[in-house]
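Start at 1 and go down the list; that is how both ligands and their atoms are numbered.
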Amino acid sequence: MPRHRLTPRHIHVVGAGLAGLSAAVRLASRGLAVTIHEATNQAGGRCRSYYDSTLGMEIDNGNHLVLSGNKAALSYLDIIGARAGLAAPPSASFPFIDLAAGERWTVRANDGLVPWWILDPARRVPGARLSEYLALAKLLRAKAGATIGETISCSGPLYQRLIEPLLTAALNTEPRSGSAALAAAIIRETLAAGGRNYRPLIAHKGLSNVFVAPALRYIVDHGGAVNFGHRLRRLVLGADRVTAIDFGDMTIHLTPSDAVVLAVPPTAAEFLVPGSPTPTEFRAIVNAHFRIDPPEGLAPMIGVVNGMAQWLFAFPGRLSVTISAADNLLDLPREDLARRIWGEVAAIADLADAMPAWQIVRERRATFAAVPQEEAKRPVAETAWENLALAGDWTRTGLPATIEGAIRSGARAAEILAPP
Ligand SMILES: Cc1cc2nc3c(=O)[nH]c(=O)nc-3n(C[C@H](O)[C@H](O)[C@H](O)COP(=O)(O)OP(=O)(O)OC[C@H]3O[C@@H](n4cnc5c(N)ncnc54)[C@H](O)[C@@H]3O)c2cc1C
C-alpha cells in the first residue's frame, strides 16, 4: 500500500472527538500545521460535558472512567497539561454492593505484578475461589474469533461479582457474547499488569475540562485552527490520494503534500469512504443523574451487583449511575427508569426516598458492539489513499471502544501521515 512520503504541509483532521483531538495534538506538538473540522458546535464527541437545564448544572454525557494503565490517554493528558484533572485514588480499590444479598465489600488489589490480594479474604471477592481467578488465564489464550462465553465459565461468585461488572463496562456488551480477544486485551493491560495499572481515574470536574478544552487550547497555541459547524460531505478521492474535502458550501483543494485524518464515527466513515468496512452493530449506554449532594464518606465510585444500576458515581452536587449494554432500557419511559434507578441509589447511599431533580441520558449508539463479528469488521488506520488515515475508537486498535482506544487511534493516524 503506498504511503504518504512527504512531510505533510497541512493536515486536516475531520472530527473533534478524542481520536481527532489526539491526532491534532500529536501533529501540533511536532510543529505541523493542523486544522480541525468538526460538524457540531462542540468538541469532545461522545466524551463531553454540557449544561443541563433540568439539573441546572454542567454534566457529562456519560460517566467515563479511565484506568491508570491507560498509557496513551495519560500521555495525551501530559502533552496538553491536564493529567492533574483526573482524581486518582492511592490504590486500585473498588467498593461493591450486592443489592440482592445486601452485602458490601471492597476489592483491594496490591500494586505489584504478583496478585497476592486474591489470597487475602479482606481484599478479594467474597465467596470467590482461587480456582476461579486462575481460570481467567484462559481468556489470555482465547482462540481468535471466540466469545468470552466460549472461553471461560460465565458463572460463580468471581464472575458475577467482579468480572461481569468490569467487562460489561469495558466492552459495553453483555460479556457472554463479547469478544474474548478484546476482553483479553483489557485484562492484559490492567488486571494482569498489577494494581498500579488499574487504579480508577475520574474527571471530577467534568470530561470537557480535562480531555477537551485543554486540547483545543493546546492546538490553537501551537498554531492550529479549529472550525466548528464544518460537516464533511464528501472526500474527493483520486486514484491514490484525496484531492479535496467538500463541506457543501465550501471545498478545500488539497496540495500534493496535504493530508487528512478522518476521525468520524463509523456510520459517517462508511458514507465518506465507500467500500471501507466498518462495524455496523452498536450498544447503548444509559446514564441517570440526580441533583443531590453525595453523603459524606460515600466512595467516588461503587459497583452494583444484582441491580438495574451498574456503577454509582459521586460528583460534587450530583449522584450519577451508569448502565452499559443497556439496549433493553431504551424503550422504558424515562420517569419509570429514573424512579427505579433512584430507588437503588437511595438504598446504596442510605438516602431518603424522595427523588431529587433527575436527568436520563440515553446514548443509543454509545459504542460498537464488542462481539467477534463486529471486531472482524474494524479497519486498520491506513487506507488505499496515501494521504488519508482513519482514526476512531472503532478502528482496529486491539481494544474495545474506549478513551484509550480512541486516543491511541489518533496518535497512530498522526504517525502514519507524518512519520516521526
Ligand atoms: C455514555 C458513554 C460512556 C462511556 N464511558 C466510557 C468509559 O467509562 N471509559 C472509556 O474509556 N470510554 C467510554 N466511552 C467511550 C468513549 O467515549 C469513546 O470511545 C470515545 O469518546 C470515542 O471517541 P472518537 O473520537 O473515536 O469518536 P467520537 O467521540 O464519536 O467523535 C467523532 C466526532 O466526529 C464528528 N463528526 C461526525 N461526522 C462528521 C463529519 N461528517 N464531519 C465532521 N465531523 C464529524 C462528531 O460530531 C464527533 O465530534 C463511553 C461512551 C459513551 C457514549
* Structure fact -> Of Arg364, Glu404, Arg46, the residue with the heavy atom nearest atom 30 (O) of ligand 1 is Arg46

* Relative to atom 4 (C) of ligand 1, which among His37, Glu38, Gln42, His64 owns the nearest non-hydrogen atom? -> His64

* Asked: Any idea which heavy atoms bring Asn306 and Leu99 closest together, and the distance?
  -> O-CB, 3.7 Å

* Output yes when the distance from some N or O of ligand 1 to some N or O of Asn287 is under 3.5 Å, and no in every other case. => no

* Which heavy-atom pair separates Pro175 from Glu164 by the least distance, and what is that distance? -> CG-O, 4.0 Å

* Asked: Is it the case that Asn63 and Asn287 place a side-chain donor and acceptor less than 3.5 Å from each other?
  -> yes

* Could you name the option among Ile36, Leu232, Val66 that has the heavy atom nearest to atom 41 (N) of ligand 1? => Leu232

* **Electrostatic pair Arg233-Asp246, nearest N-O below 4.0 angstrom** => no

* Asked: By number and element, which atoms of ligand 1 are closer than 4.0 Å to a non-hydrogen atom of Asn63?
  -> 3 (C), 5 (N), 8 (O)

* Could you tell me whether some N/O pair between Val14 and ligand 1 is separated by less than 3.5 angstrom? => no

* Structure fact -> Closest non-hydrogen atoms of Asp293 and Gly317, given as atom of the first, atom of the second and distance, are OD1-CA, 3.3 Å

* Asked: Can the positive tip of Arg378 be found less than 6.0 Å from the middle of the six-membered ring of Trp394, inside 45° of the ring normal?
  -> no

* Any heavy atom of His230 sitting closer than 4.0 Å to ligand 1? -> yes

* Structure fact -> Restricting to heavy atoms, the pick from Ala169, Ser22, Gly62, Ala401 nearest atom 15 (C) of ligand 1 would be Ala401

* Asked: Purely on distance, is any nitrogen or oxygen of Ala268 under 3.5 Å from one on ligand 1?
  -> no

